[in-house]
Amino acid sequence: LIASNDAGQYYAPNFGVDLIGEMDLAKGYDIFLEGMDNQTLSVEGLPMPADYTMTVSALQMNNICFIPQECVDVELVFSGLEDRILIVSDDSGAYYVPGFGVNTMGDMCPGKGYKIFLQGMEDLEFQYPAPDGLARVETVESKFWSDYISNSVSIQYDIVKTGISHPIILTELEGVVELGDELVAYANGEVVGATKVIDLDLPVVLSAWGSFTEYGANLPGYKDGDMIELRLWSSSEGKELRLDAELDGSEYGTSPLTVGTAMVYGQEAVPSEFGLSQNYPNPFNPSTAIDFSIAAEGYVSLNVYDITGRIVSTLVEGNLSSGYHHAVWDGIDNNGMAVSAGIYIYSLQTETSSITRKMVFMK
């Protein structure tokens, strides 16, 4: 159906488009097939010279081929270059991220294309190491990652692997989480990735899968720019739990990878009822936090009143999505003036419901 390279050029024979011209045998290419059947591509001729130098460009995702004639461990391929490599990935959702000690890729092999994104602003002139003696020897570390790959496959979710993936790495996953639970990625209410938690002391690596909807194809997945939403499937409770993540990016596909930490709470991922928590701290000065939940999308207001019933401050007003939300009051009224010490009422209202609680502001 279509072949593309990392320069934004395409070969789409059904539409008479050929912006690629001659293929560069040092480059990798993304290929999407017509129909439902796998295809085998055979290439005859002399192999690329083992000492071929390729340029890996900074500030872009590079598509490269694998020149050696035998499979080689990715860590050996990039030995000595760990501080220059941000991420190496393939089309199966496997990654090598040396800065975070992640290697779900293992071997790089002939016939495969790989994507690589560099650290820093400088291009890299790169040669594959001579293959002599570099054939993979299983070590304790490589066996760990080999076991990680096989043991972390989701059993709760049927994931469509489209060949387009966005890596999410949680360096810490704390709270209500146990071995065998699953980290789940959503985009617009659709599951786009899941992985089983098999070690609580090491990063959790999840592949979220992107959609492909061009040229008549219609594969599910995230679209670049969709918001990342993470949940945790609890095997002991048999349901998805709320997960709050601190990530270095909030969108799929707009950066080479997303890294962060997360806390799992013993609450349903999607609240089933309208709720308002007690503010914390309480009493407070200078500010306090208010958590609330909404079971269905709709109009919501969160107001602070004095004991006479007069509105002091409007914290939230408008349409909100279902889920868990958070507001902060700093003791300032709607006119920008500091309020006096005393008891205040805060009320969460929708078109059909209302919940009210008290809080104390101290000087």
Side-chain angles (χ1 to χ4, degrees), residues 3-7 23-31 38-43 45-58 60-119 123-150 152-153 161-167 169 195 203 205-207 209 256-257:
S4 61
N5 61 16
D6 58 12
M23 296 180 70
D24 181 347
L25 295 184
K27 301 293 288 185
Y29 293 83
D30 290 305
I31 298 176
N38 297 335
Q39 299 290 335
T40 300
L41 174 66
S42 299
V43 180
L46 296 175
M48 293 283 289
D51 59 353
Y52 182 87
T53 299
M54 64 179 66
T55 299
V56 181
S57 301
Q60 77 167 66
M61 186 66 79
N62 297 264
N63 285 6
I64 64 172
C65 75
F66 184 76
I67 292 174
Q69 300 301 296
E70 299 175 2
C71 295
V72 179
D73 191 306
V74 65
E75 295 187 20
L76 295 176
V77 170
F78 295 105
S79 177
L81 298 172
E82 291 85 357
D83 61 340
R84 298 295 315 279
I85 306 298
L86 178 64
I87 184 170
V88 181
S89 61
D90 64 14
D91 60 3
S92 67
Y95 311 107
Y96 172 54
V97 192
F100 294 93
V102 170
N103 180 9
T104 59
M105 181 175 294
D107 288 348
M108 297 177 70
C109 290
K112 293 286 290 182
Y114 296 89
K115 296 181 183 292
I116 178 171
F117 198 97
L118 298 177
Q119 296 266 24
D123 295 348
L124 174 66
E125 298 298 319
F126 173 70
Q127 285 185 349
Y128 282 99
D132 297 341
L134 288 184
R136 185 176 188 187
V137 176
E138 187 172 67
T139 64
V140 173
E141 184 176 5
S142 64
K143 185 178 187 308
F144 166 80
W145 285 111
S146 177
D147 292 343
Y148 184 103
I149 295 167
S150 59
S152 62
V153 175
K161 298 182 178 181
T162 63
I164 305 165
S165 69
H166 181 91
I169 300 174
T195 187
V205 184
L206 182 148
S207 299
W209 295 93
L257 74 163

A.B. asks: Got a second to check how far Leu76's CG is from Cys71's SG, nearest 0.5 Å?
C.D. replies: 12.5 Å
A.B. asks: Locate the shortest heavy-atom distance separating Ile67 from Pro49; write the atom from each residue and the value.
C.D. replies: CG2-O, 3.7 Å
A.B. asks: In chain order, what residues pass the side-chain contact (heavy atoms from CB on, under 4.5 Å) check against Asp83, with sequence neighbours excluded?
C.D. replies: none
A.B. asks: Roughly how far apart are Leu118 CG and Arg84 CZ, rounded to 0.5 Å?
C.D. replies: 5.5 Å
A.B. asks: What pairs with Lys27 under salt bridge (charged side-chain N to carboxylate O under 4.0 Å, His left out), at least two apart in sequence or on another chain?
C.D. replies: Asp6
A.B. asks: Might you point out which heavy atoms bring Ile87 and Pro167 nearest each other, and give the distance in Å?
C.D. replies: CD1-CG, 3.4 Å
A.B. asks: Aromatic contact between Tyr128 and Tyr52, with the criterion being ring centroids under 6.0 Å apart: yes or no?
C.D. replies: no
A.B. asks: Minimum heavy-atom separation for Met54 and Ala26, please, with both atom names.
C.D. replies: CE-O, 3.9 Å
A.B. asks: The criterion is side-chain contact (heavy atoms from CB on, under 4.5 Å); which residues satisfy it with Thr162, sequence neighbours excluded?
C.D. replies: Val160, Ile164, Trp209, Leu219
A.B. asks: Report the residues that fulfil ring pair (Phe, Tyr, Trp, His ring centres under 6.0 Å) with Phe100, sequence neighbours left out, ordered by chain and then residue number.
C.D. replies: none
A.B. asks: Could you walk me through whether Val72 and Met108 satisfy the side-chain contact (heavy atoms from CB on, under 4.5 Å) test, starting with their C-alpha distance in whole Å, then the side-chain angles of each, then the deciding distance to 0.1 Å, before giving a yes or no?
C.D. replies: CA-CA 5 Å; Val72 179; Met108 297 177 70; 5.7 Å; no
A.B. asks: What's the separation between atom CD in Glu70 and atom SG in Cys109, rounded to the nearest 0.5 Å?
C.D. replies: 10.5 Å
A.B. asks: How close do Ala3 and Ile31 get, counting heavy atoms only, and between which atoms?
C.D. replies: CB-CG1, 4.1 Å
A.B. asks: Considering only residues two or more places apart or on different chains, which pairs with a residue in residues 75-96 satisfy ring-ring contact (aromatic ring centres under 6.0 Å, His included)?
C.D. replies: Phe78-Phe126
A.B. asks: Under a 4.5 Å cut-off applied to non-hydrogen side-chain atoms, are Lys161 and Ser92 in contact?
C.D. replies: no
A.B. asks: Between the main-chain N or O of Gly93 and the side-chain N or O of Ser207, is there a donor-acceptor pair closer than 3.5 Å?
C.D. replies: yes
A.B. asks: How would you list all residue pairs meeting salt bridge (charged side-chain N to carboxylate O under 4.0 Å, His left out) that involve residues 88-99, not counting sequence neighbours?
C.D. replies: Asp91-Lys112
A.B. asks: Identify the heavy atoms of Thr195 and Ser152 that sit nearest to each other, and give their distance.
C.D. replies: OG1-O, 3.2 Å
A.B. asks: I'd like to know if the side chain of Glu75 and the backbone of Asp73 have a donor-acceptor N/O pair within less than 3.5 Å.
C.D. replies: no
A.B. asks: Measure across Pro110 and Pro68 and return the closest heavy-atom pair with its distance rounded to 0.1 Å.
C.D. replies: CG-O, 3.3 Å
A.B. asks: Measuring from atom OG of Ser89 to atom CD1 of Ile116, what distance do you get when rounded to the nearest 0.5 angstrom?
C.D. replies: 9.5 Å
A.B. asks: Run the side-chain contact (heavy atoms from CB on, under 4.5 Å) test against Ser57 and tell me which residues pass, sequence neighbours left out.
C.D. replies: Thr55, Gln60, Asn62, Asp123
A.B. asks: Can you sort out the partners of Gln119 under side-chain contact (heavy atoms from CB on, under 4.5 Å), two or more places apart, ordered by chain and number?
C.D. replies: Leu86
A.B. asks: Are any of the side-chain heavy atoms of Val88 and Met105 separated by less than 4.5 Å?
C.D. replies: yes
A.B. asks: Rounded to the nearest 0.5 Å, what's the gap from CG on Asp24 to CG on Asn63? Could you check?
C.D. replies: 11.0 Å
A.B. asks: List for me each residue that meets side-chain hydrogen bond (donor to acceptor under 3.5 Å, both in side chains) alongside Thr53, sequence neighbours excluded, and say none if there are none.
C.D. replies: Gln127
A.B. asks: Report the residues that fulfil ring pair (Phe, Tyr, Trp, His ring centres under 6.0 Å) with Phe117, sequence neighbours left out, ordered by chain and then residue number.
C.D. replies: none
A.B. asks: Go through the steps to decide whether Tyr148 and Asn103 satisfy the test side-chain contact (heavy atoms from CB on, under 4.5 Å), and finish with yes or no.
C.D. replies: CA-CA 10 Å; Tyr148 184 103; Asn103 180 9; over 6 Å; no
